[in-house]
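Scope of the values below: all heavy atoms of this structure, side chains included, with no hydrogens, waters or symmetry mates.
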Amino acid sequence: MNNEYKNITNNIEEVFENFFIKKQIAVAISGGCDSMALTLALNDFCERNKIKIQALTIDHGIRKNSKNEAKKVGELLKKFKIPHKILTILPTQIPQKNIEANLREIRYKILSEFCQKNQIEFLFVGHHLGDIAENFLIRLYNGEITKIF
């Protein structure tokens with residue numbers, strides 16, 4: 001196990017010191033390196049602590065291959081015995097303007113509804129620094145951020 005992976009798993013252990021997880025957690029996974037690393041680290045934590053994990057992928061249907069990409073994520077997770085579910089954004093739900101921000105809200109709504117329906121108290125999402133910086137710049141450009149400390 002390399003040092004970066006140990007750091008991730010140690011941080012997960014620290015986070016959960018103050019929480020009581022009853023049965024299961026969920027993790028949103030796109031198939032990118034950030035969400036994949038988080039999913040694998042959470043799976044290790046869950047195995048050690050006898051907690052169920054549910055991986056969730058959103059198929060937004062915008063890209064031609066999005067359905068196949070979501071299926072490939074599931075095939076990869078199957079190798080690690082991680083349950084995977086694909087949640088779909090309906091074509092009628094696809095926004096026509098401010099697509100990125102609106103899709104993000106739709107994704108979180110769908111993920112939240114799934115968790116509520118399945119009595120999952122904790123949902124994890126993985127973002128790397130580039131995602132966070134991009135989101136900040138988009139929100140700044142759109143005037144959603146008006147004050148910077």
Close side-chain approach of Leu111 and Ile58, heavy atoms under 4.5 Å:
yes
Closest approach of Ser30 and Ser35, non-hydrogen atoms and distance?
N-OG, 3.0 Å
After noting the C-alpha distance and the side-chain angles of Lys23 and Lys52, does the key distance pass the side chain to side chain contact (heavy atoms under 4.5 Å, CB included) rule?
CA-CA 6 Å; Lys23 298 184 217 173; Lys52 292 180 183 178; 5.8 Å; no
Are side-chain heavy atoms of Leu123 and Phe114 found at a separation under 4.5 Å?
no
So, taking the atom named CD1 in Ile51 and the one named CZ in Arg48, what distance separates them when rounded to the nearest 0.5 Å?
10.0 Å
Matching residue for Thr57 among Glu69, His84, Lys71 - test: side chain to side chain contact (heavy atoms under 4.5 Å, CB included)
His84
Test your reading of the model: is there a side-chain donor-acceptor pair from Gln24 to the backbone of Asn118, 3.5 Å cut-off?
yes
Check for me, please, whether Ile86 and Val125 land in the same ILVMFWY cluster - side-chain distances under 4.5 Å, paths through other members count.
no
Evaluation steps, side chain to side chain contact (heavy atoms under 4.5 Å, CB included), between Thr39 and Leu77
CA-CA 9 Å; Thr39 301; Leu77 293 176; 4.0 Å; yes
Quick one: are Val27 and Ile53 in side-chain contact, heavy atoms under 4.5 Å?
yes
Nearest 0.5 angstrom please: Phe124 CZ to Leu38 CG, how far?
7.0 Å
Are the side chains of Ile82 and Leu40 in contact, using a 4.5 Å heavy-atom criterion?
yes
Any non-hydrogen side-chain atom of Arg104 less than 4.5 Å from a side-chain atom of Arg107?
yes
Do the side chains of Lys64 and Lys67 get nearer than 4.5 Å, heavy atoms only?
no
Salt bridge check, Lys109 against Glu113: does any charged N sit closer than 4.0 Å to a carboxylate O?
yes
For Ser66 and Asp59, does a side-chain donor sit closer than 3.5 Å to a side-chain acceptor?
yes
Taking the side chain as every heavy atom from C-beta outward, state whether Gln54 and Lys85 have any pair of such atoms under 4.5 Å apart.
yes
